[in-house]
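See below for the structure under consideration.
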Amino acid sequence: MPFGFVAFHYPAPEHVQEFLGRCHQVAEASRTQPGFLSVEVWTTADGDAAVTTGAFDSEEAFRAAAGIARELGATPDGLSDLEVRPRQVHFLVSR
């Protein structure tokens, strides 16, 4: 069953570009993983949040790709050193 996510991240204004760069690194690594379907990096129109989205052919494929993301310094939950408040992650399943 396809599995996806939408995550809102809140980088400090002085770290937005660095944070987006890291998001793009994780996105590129995700594209090479088995079961990958899509990934995008967005910002809200007001620039207050970075938004990442992704889809995989299963939750297992997502979890494997998330392991690669952690190795690159991304964390699935919590607060990175570039963020001013905890991210909000919403997991999705296709029905």
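For the numbers below, each heavy atom of this structure counts, side chains included, while hydrogens, waters and symmetry mates do not.
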Query - ILVMFWY network linking V51 to V89, side-chain heavy atoms under 4.5 angstrom - result: no
Report summary line: d(F8 CZ, T53 OG1) to nearest 0.5 Å is 10.0 Å
Requested in this report: For side chain to side chain contact (heavy atoms under 4.5 Å, CB included), just list the numbers for R22 and L82, CA-CA rounded to whole Å, side-chain angles, deciding distance to a tenth of an Å, and then say yes or no.
Outcome: CA-CA 10 Å; R22 288 184 185 183; L82 303 179; 3.6 Å; yes
Report task. Over all heavy atoms of both residues, which pair between A50 and P11 is shortest? Give the atoms and the distance, please. Result -> N-CD, 4.2 Å
Query raised in the report: In terms of the angle between their ring planes, are F56 and F36 parallel, tilted or perpendicular, with boundaries placed at 30° and 60°?
Result: perpendicular
**Report entry** Residue pairs fulfilling salt bridge (charged side-chain N to carboxylate O under 4.0 Å, His left out) with at least one residue in residues 25-42, sequence neighbours excluded
**Finding:** E28-R31
Requested in this report: Compare every heavy atom of S58 with every heavy atom of F3, then report the nearest pair and how far apart it is.
Outcome: CB-C, 3.6 Å
**Report entry** Sidechain-backbone polar pair: E18 side chain, H15 backbone, donor-acceptor under 3.5 Å
**Finding:** no
**Report entry** Q88 and Y10, any side-chain heavy atoms less than 4.5 Å apart
**Finding:** yes
Report summary line: Taking every heavy atom of A61 against every heavy atom of G35, the minimum-distance pair comes out as CB-CA, 3.9 Å
Query raised in the report: Should M1 and L92 be counted in the same cluster of Ile, Leu, Val, Met, Phe, Trp and Tyr side chains packed under 4.5 Å apart?
Result: no
Report task. Write down the atom of L20, the atom of W42, and the distance for their closest heavy-atom approach. Result -> CD2-O, 4.4 Å
Report task. Can you see which heavy atom on V26 is nearest to which on L72, and at what distance? Result -> CA-CD1, 4.1 Å
Query - Non-hydrogen atoms of H9 and E83 that approach each other most closely - result: CB-OE2, 3.5 Å
